[in-house]
Q: 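Input: one structure, supplied below.
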Amino acid sequence: MSRRRLGRRFYGRDPREVAPELLGTLLVHGERVGRIVEVEAYCGTEDPGSHAYRGPTPRTRVMFGPPGHLYVYFSYGMHWCANVVCGTDGQAGAVLLRAVAPVTGLEAMRAARPRARRDLDLTSGPAKLCQAFGLDGAFDGADLVRSDRGVHLAVDGTPLGVAPATSPRIGLSAGAELPWRWYVPGDPHVSGRPR
DNA sequence: CCGCCGATCTTT
DNA sequence: AAGATCGGCGGG
């Protein structure tokens, strides 16, 4: 089926509007392709759960820039996690990519994640999918519209099949009550235990 | 299957 | 000192 890369306009909206629409779209990095099944919205300086809440820092600089770029941050001193920058320039909106279902490039993903015992563990978490797709600090600021570092998002016309489910975001204390996580119910690649 | 805990960088 | 995490280990 033919693919269409997502354009700047898609990203230039409130992250809470973009997030559910990202479910079912494809994360593409060379031969490695995954279908997004779990995301979380972060709303910049108005969201106590966002890294951008207290204003820009060296780490969060990209989030305060134009939409359609990757914000990749280093977590717990060990892992990388990737967000899509949303909204207007200066707003610091973002959508965290929490899980994808592998579509192609499984061999490359397994090679990049030697500790994953099962294929279900390849991309079922924000740091897992970054490791599987080879996304690290070198991709912070990558332009998904121009695909200047070989990464982009695309749609291929495959219907989602189910209505997206929502829940509070995972692992937060501040902003923990806000229902800004969206996922594909029943998909085994969604992180954590079923809810 | 479940819960605990360590690893170790950024920000407060 | 806590955090947008993960995986190894021990117990049931």
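Labels below follow one simple rule: chain letters A, B, ... track the order of the sequence lines, proteins then strands, and each chain is numbered from 1. Computed from a predicted structure; not experimentally measured.
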Q: Not counting sequence neighbours, which residues clear side chain to side chain contact (heavy atoms under 4.5 Å, CB included) with A:R115? List them please.
A: none
Q: Report the residues that fulfil salt bridge (charged side-chain N to carboxylate O under 4.0 Å, His left out) with A:D148, sequence neighbours left out, ordered by chain and then residue number.
A: none
Q: According to side chain to side chain donor-acceptor pair (under 3.5 Å), does anything in residues 59-73 of chain A pair up with another residue at least two apart or in another chain? List the pairs.
A: A:H51-A:Y71, A:T57-A:T60
Q: Sequence neighbours excluded, which residues qualify as side chain to side chain contact (heavy atoms under 4.5 Å, CB included) partners of A:V33?
A: A:R3, A:L26, A:V28, A:V103, A:T104
Q: Please identify each residue that fulfils side chain to side chain contact (heavy atoms under 4.5 Å, CB included) with A:R54, with sequence neighbours left out.
A: none
Q: Can you check nucleotides 4-10 of chain C for protein contacts, nitrogen or oxygen pairs under 3.5 Å, and list what you find?
A:
unit_1	atom_1	unit_2	atom_2	d
C:dA4	OP1	A:H51	NE2	3.4
C:dA4	N7	A:G49	O	3.2
C:dA4	N7	A:H51	NE2	3.2
C:dA4	N6	A:H51	N	3.4
C:dA4	N1	A:N83	OD1	2.6
C:dA4	N1	A:N83	ND2	3.4
C:dA4	N3	A:Y73	OH	3.3
C:dT5	OP1	A:R98	NH1	3.3
C:dT5	O2	A:H79	NE2	2.8
C:dC6	OP1	A:P126	N	3.2
C:dC6	OP1	A:A127	N	3.0
C:dC6	OP1	A:K128	N	3.2
C:dC6	O4'	A:H79	NE2	3.2
C:dG7	OP1	A:R113	NH1	2.9
C:dG7	OP1	A:R113	NH2	2.7
C:dG8	OP1	A:R115	NE	2.9

Q: Of all the base pairs, Watson-Crick or G-U under 3.5 Å, which form stems of three or more consecutive pairs involving DNA chain C?
A: B:1-7 with C:5-11, B:9-11 with C:1-3
Q: Please measure how far the C1' atom in B:dT10 lies from the corresponding atom in C:dG7, and state the result in whole Å.
A: 22 Å
Q: With respect to A:R35, which candidate in A:D156, A:L160, A:L27 satisfies the side-chain contact (heavy atoms from CB on, under 4.5 Å) definition?
A: A:D156
Q: Hey, where on DNA chain B does chain A first and last touch, going 5' to 3'? Cut-off is any atom under 4.0 Å from a heavy atom.
A: B:dC2 to B:dT12
Q: Report the residues that fulfil side chain to side chain donor-acceptor pair (under 3.5 Å) with A:E107, sequence neighbours left out, ordered by chain and then residue number.
A: A:R110
Q: Suppose clustering is done on Ile, Leu, Val, Met, Phe, Trp and Tyr with side-chain heavy atoms closer than 4.5 Å. Which residues sit in the same group as A:Y76?
A: none
Q: Please enumerate all residues that pass side chain to side chain contact (heavy atoms under 4.5 Å, CB included) together with A:Q131, with sequence neighbours excluded.
A: A:R113
Q: Sequence neighbours left out, what pairs pass ring-ring contact (aromatic ring centres under 6.0 Å, His included) with at least one residue falling in residues 82-136 of chain A?
A: none
